[in-house]
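Written out below as structure tokens is the structure these notes cover.
Below, read A as the first sequence line, B as the second, and so on, with proteins coming before strands; counting in each chain starts at 1.
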Protein chains: 2
Amino acid sequence: MKENQINFSEVDNCPVRNILDRFGDKWSTLVILILGSYDTLRFNELQKMIGTVSQKMLAVTLKKLETDGLVSRKVYPQVPPKVEYSLTALGLSLLPKLESLVQWANENRTIITENRSLKG
Amino acid sequence: MKENQINFSEVDNCPVRNILDRFGDKWSTLVILILGSYDTLRFNELQKMIGTVSQKMLAVTLKKLETDGLVSRKVYPQVPPKVEYSLTALGLSLLPKLESLVQWANENRTIITENRSLKG
DNA sequence: ACCTTTACTTACCAAAAGTAACTAAATCTC
DNA sequence: GAGATTTAGTTACTTTTGGTAAGTAAAGGT
């Protein structure tokens with residue numbers, strides 16, 4: 001057992017899983033990455049940008065991110081409604097870590113695709 | 001639109017999502033992190049360490065990671081069977097990026113937990 | 001002869017996510 | 001002035017994903 005070991009075994013006691021489980025869902029990381037590159041987006045701009053997310057899941061995802069304080073939500077009292085989403089300082093602090101994952105994915109895309117086609 | 005912009009809008013054409021979707025599942029990142037700290041583990045050592053993963057999902061997760069070439073599987077022809085899992089070089093190259101996410105989660109755990117209890 | 005052990009698989013059930021339709025109210029079109 | 005359009009959602013229903021519990025194979029221990 002290495003030093004600085006993290007205990008993963010209990011969900012509630014595990015500092016990591018409690019937080020990371022929130023990004024283990026299908027859309028959170030993608031929403032953060034996109035808001036990171038576009039700064040401010042309305043609900044259906046985000047939806048068009050992602051392309052394959054359902055309205056329901058985008059709404060749920062944004063609500064969770066807002067609850068955690070990663071995304072802020074600005075409502076303009078208009079009809080039809082206008083709501084703008086952007087990253088908070090906390091969300092921005094996570095961004096470079098996710099971008100580093102994206103960079104890794106880009107660098108290793110070819111080799112992983114090859115591995116997949118070998119094994120089927 | 002910033003320079004170095006990534007196009008997220010089409011699943012198949014998106015270099016990022018094609019790869020990252022594989023870690024968007026419930027267990028992959030955790031398995032990589034644990035194998036990263038324990039070096040080599042047998043199937044049920046991994047299961048005990050995670051604590052809440054089902055045998056079925058651990059098997060599925062390991063098979064996907066093996067297919068992608070992130071995890072290697074060494075079978076000892078014994079009865080009862082012995083199978084050892086460890087990270088490949090590719091898996092090891094991903095590890096620091098995931099550990100950086102863990103570090104972020106640790107640093108921001110308190111504030112996120114507070115945010116959740118305010119809104120939640 | 002029977003129980004144990006390990007790394008799975010399988011059949012069945014629960015939870016998460018996808019789909020499509022619906023809503024409210026101001027503005028635009030005819 | 002009746003009806004379509006627009007936006008940010010919500011709701012009811014279906015599909016997909018994950019969880020549960022039991023089963024499997026074959027060697028060794030009691």
Side-chain angles (χ1 to χ4, degrees), chain A residues 8-12 17-18 20-31 34-35 38 40-68 71-86 119-120, chain B residues 8-12 14 17-18 20-32 34-35 38 40-68 71-86 119-120:
Chain A
F8 297 99
S9 59
E10 290 177 44
V11 187
D12 292 338
R17 289 175 64 184
N18 206 342
L20 290 191
D21 275 0
R22 206 73 158 214
F23 313 122
D25 68 22
K26 201 167 175 186
W27 300 112
S28 293
T29 55
L30 195 54
V31 166
I34 293 180
L35 285 179
Y38 286 85
T40 291
L41 289 172
R42 298 178 65 175
F43 186 90
N44 62 4
E45 290 174 330
L46 257 171
Q47 200 193 347
K48 278 170 199 150
M49 202 142 296
I50 298 178
T52 54
V53 71
S54 63
Q55 287 183 309
K56 173 185 155 189
M57 285 316 296
L58 184 55
V60 168
T61 302
L62 286 167
K63 200 178 289 176
K64 286 203 287 181
L65 292 174
E66 196 199 353
T67 300
D68 283 4
V71 160
S72 72
R73 184 170 177 273
K74 185 173 183 186
V75 182
Y76 294 81
Q78 305 177 355
V79 172
K82 177 176 177 181
V83 181
E84 283 182 350
Y85 290 94
S86 53
K119 295 249 183 178
Chain B
F8 296 101
S9 60
E10 290 176 44
V11 188
D12 292 337
C14 178
R17 288 176 63 185
N18 205 342
L20 290 190
D21 275 359
R22 207 72 158 216
F23 313 121
D25 67 21
K26 200 167 175 185
W27 300 112
S28 293
T29 53
L30 194 55
V31 166
I32 294 171
I34 292 180
L35 285 178
Y38 286 86
T40 293
L41 288 172
R42 297 179 66 175
F43 185 89
N44 63 2
E45 289 174 331
L46 257 170
Q47 200 194 348
K48 278 171 202 153
M49 203 142 295
I50 299 178
T52 55
V53 71
S54 63
Q55 287 184 311
K56 174 186 158 189
M57 286 316 297
L58 184 55
V60 168
T61 301
L62 286 167
K63 201 178 288 176
K64 287 204 286 181
L65 292 174
E66 195 198 353
T67 300
D68 283 5
V71 160
S72 72
R73 185 170 177 274
K74 185 173 181 188
V75 182
Y76 294 81
Q78 303 177 355
V79 172
K82 177 177 177 180
V83 179
E84 283 182 348
Y85 291 94
S86 53
K119 296 248 184 177

Could you state the CD-P distance from A/Gln47 to D/dT6, rounded to the nearest angstrom?
14 Å
Phosphate contact (C/dA16 OP1 or OP2) by A/Trp27 side-chain N/O below 4.0 Å:
no
What pairs with B/Glu84 under side chain to side chain donor-acceptor pair (under 3.5 Å), at least two apart in sequence or on another chain?
B/Tyr76
So, does A/Arg42 get its side chain near the phosphate of D/dA8, meaning an N or O under 4.0 Å from OP1 or OP2?
yes
Donor-acceptor contact below 3.5 Å, side chain B/Arg17 vs main chain A/Leu30:
no
Once side chain to side chain donor-acceptor pair (under 3.5 Å) is applied, do any residues pair with B/Ser72, and if so which ones, sequence neighbours excluded?
B/Ser86
Report yes if at least one side-chain N or O of A/Tyr76 is closer than 4.0 Å to OP1 or OP2 of C/dA26; otherwise report no.
no
Please state how far atom CG in A/Asn44 lies from atom P in D/dG9, giving the value in whole angstrom units.
10 Å
NZ of B/Lys26 versus C1' of D/dG19: gap in Å, rounded?
8 Å
Taking the minimum atom-to-atom distance to the side chain of B/Phe43, which one of D/dA26, D/dA8, C/dC8 wins?
C/dC8
For atom CG of B/Leu46 and atom P of C/dA7, their distance in whole Å:
10 Å
Take atom CG of A/Leu30 and atom P of C/dA17, then tell me their distance rounded to the nearest Å.
14 Å
Interface residues of residues 55-63 of chain B with DNA chain D (non-hydrogen, below 4.0 angstrom):
B/Gln55, B/Lys56, B/Met57
Using atom CG of B/Leu41 as one end and atom P of C/dC8 as the other, report the distance to the nearest whole Å.
14 Å
Comparing A/Val79 with A/Arg73, nearest DNA chain D nucleotide closer to 5' gives the residue A/Val79
Among C/dA7, D/dT7, C/dT19, the nucleotide that comes nearest once only the side chain of A/Ser54 is considered:
C/dT19
Rounded interatomic separation in angstrom, taking CD from A/Gln78 and C1' from D/dT7:
10 Å
Nearest-Å distance for atom pair NZ/C1', residues B/Lys82 and C/dC8
17 Å
Among C/dT5, D/dA8, C/dC8, the one nearest B/Pro80 by side-chain distance:
C/dT5
Go nucleotide by nucleotide along DNA chain C from the 5' end; which of B/Glu45 and A/Pro81 gets its closest nucleotide reached first?
B/Glu45
Given the rule in the side chain to side chain contact (heavy atoms under 4.5 Å, CB included) test, do B/Leu46 and B/Leu62 qualify, once you have shown the distances and angles that lead to the verdict?
CA-CA 10 Å; B/Leu46 257 170; B/Leu62 286 167; 4.0 Å; yes
Residue list, salt bridge (charged side-chain N to carboxylate O under 4.0 Å, His left out) with B/Asp68, at least two apart or on another chain
A/Arg116, B/Arg22
Strictly below 4.0 Å: does B/Tyr85 bring a side-chain N or O up to OP1 or OP2 of C/dC8?
yes
Does anything in residues 55-66 of chain A pair up under salt bridge (charged side-chain N to carboxylate O under 4.0 Å, His left out), and if so which pairs, sequence neighbours excluded?
A/Asp25-A/Lys64, A/Glu66-B/Lys119
According to side chain to side chain donor-acceptor pair (under 3.5 Å), who are the partners of A/Gln47, at least two apart in sequence or on a separate chain?
none
